[in-house]
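This report concerns only the one structure given below.
Nothing here was measured: the structure is a model prediction, and the numbers come from that model.
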Amino acid sequence: TRSNPLSANCTWGSERGMALLAMLGLLLVIFTGVLIGRLSLNDQARQRQQVTATSLTAVRDALVSYSLMANTDPRPPGSLPCPAQNRAGQPAVNPATGACLRLQGLVPYRVLGLAEPLDGRGNPLWYAPAAAFTGNANPPVTRRNSSTPSTLTLKNNAANQVETMAFVLLAANEPLPGQQPITAPLA
């Protein structure tokens, strides 16, 4: 008996259609997985940014409070603490002069009454006060306020404005290629 050539083509065509549907389903699953993964990464980045913003705000508020509370010898009103040299959080101060050992370092969170402030990646926050607002002012400043000249400036090129500030806070976030997180005291 002769087989029907049309029935053979129908079987082969339906197999091809099923394979096409299976590939389409697989592509849909892969696309959905990639989309969910990307949304998850965006959500993680948003959460890290929120943690960083919260830490920066807490430190800024604590530094302002510290400067307002400074009213005793040897700290005149408006004084800021010296930066910490390591993650222990104590200000690095020359005991004989009261001057900061350095003007850039980590947030001295212990004198601010804070837990160690970290960015969204778990790195410590950096802090740099202007010399005029610490014991490093030369000549010595007896009262610090908004009229105190500062050596820290921020220039906005678009508006051609220069603003002076009492301190700068920095969040390192993700290290650049080749950088390592801080684990040892600063040199």
Side-chain angles (χ1 to χ4, degrees), residues 48-187:
R48 284 192 299 269
Q49 288 173 347
Q50 182 61 43
V51 167
T52 300
T54 300
S55 290
L56 287 168
T57 301
V59 171
R60 180 203 60 203
D61 293 349
L63 285 166
V64 170
S65 294
Y66 180 95
S67 73
L68 293 173
M69 300 300 285
N71 203 8
T72 59
D73 283 332
R75 294 188 308 134
S79 295
L80 290 170
C82 296
Q85 284 190 293
N86 56 43
R87 291 185 74 167
Q90 293 293 344
V93 180
N94 180 329
T97 64
C100 299
L101 296 179
R102 56 186 304 140
L103 289 173
Q104 309 85 24
L106 303 177
V107 171
Y109 62 90
R110 296 217 187 263
V111 297
L112 300 175
L114 299 172
E116 183 180 21
L118 304 172
D119 65 20
R121 291 265 184 196
N123 298 312
L125 298 183
W126 288 78
Y127 161 68
F133 291 88
T134 66
N136 291 47
N138 189 7
V141 177
T142 57
R143 186 172 215 78
R144 295 165 174 102
N145 56 36
S146 60
S147 299
T148 304
S150 175
T151 54
L152 290 177
T153 58
L154 176 68
K155 183 174 182 184
N156 180 345
N157 285 333
N160 203 21
Q161 295 174 328
V162 176
E163 296 180 40
T164 59
M165 54 198 80
F167 63 88
V168 176
L169 292 174
L170 299 170
N173 285 313
E174 189 170 358
L176 296 173
Q179 288 182 327
Q180 297 297 320
I182 299 169
T183 56
L186 302 173

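Smallest separation of non-hydrogen atoms from A84 and V107: CB-O, 4.1 Å. What you find for P117 and Y109 is that their closest heavy atoms are CD-CB, 3.5 Å. L103 approaches A131 most closely through the heavy-atom pair CD1-CB, 3.7 Å. When all heavy atoms of C82 and P91 are compared, the pair lying nearest together is O-CB, 3.3 Å. Taking both residues in full, the closest heavy atoms of L112 and P81 are given as CD2-CG, 4.2 Å, listed atom of the first, atom of the second, then distance. Summarising the geometry of A58 relative to L114, their closest heavy-atom pair is O-CD1, 4.2 Å, with the distance given to 0.1 Å.
Between P108 and Q90 there is no side-chain heavy-atom pair separated by less than 4.5 Å.
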side-chain contact (heavy atoms from CB on, under 4.5 Å) for W126 and L169? Distances and angles first, verdict last.
CA-CA 6 Å; W126 288 78; L169 292 174; over 6 Å; no
Could you walk me through whether L106 and Y127 satisfy the side-chain contact (heavy atoms from CB on, under 4.5 Å) test, starting with their C-alpha distance in whole Å, then the side-chain angles of each, then the deciding distance to 0.1 Å, before giving a yes or no?
CA-CA 5 Å; L106 303 177; Y127 161 68; over 6 Å; no
Working note: L125 + L118, criterion side-chain contact (heavy atoms from CB on, under 4.5 Å); need CA distance, chi angles, decisive distance, verdict.
CA-CA 6 Å; L125 298 183; L118 304 172; over 6 Å; no
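D119 CG to T54 OG1: the interatomic distance, rounded to the nearest 0.5 Å, is 12.0 Å. Here C100 contributes atom SG and L80 contributes atom CG; the two are 9.0 Å apart, rounded to the nearest 0.5 Å. The OG atom of S55 sits 10.0 Å away from atom CD of E116, with the distance rounded to the nearest 0.5 Å.
Using a distance-only test at 3.5 Å, with no hydrogens or angles considered, no donor-acceptor pair links the side chain of R121 to the main chain of N123. Within the 3.5 Å criterion, the main-chain N or O of V64 finds a donor-acceptor partner in the side chain of S67. Looking only at distances, no side-chain donor or acceptor of R102 sits under 3.5 Å from a matching main-chain atom of Q85. Of the possible donor and acceptor atoms, one in the side chain of T52 sits under 3.5 Å from a partner among the backbone N and O of G120.
In this structure V168 satisfies the side-chain contact (heavy atoms from CB on, under 4.5 Å) test together with L152, M165, L170, sequence neighbours excluded.
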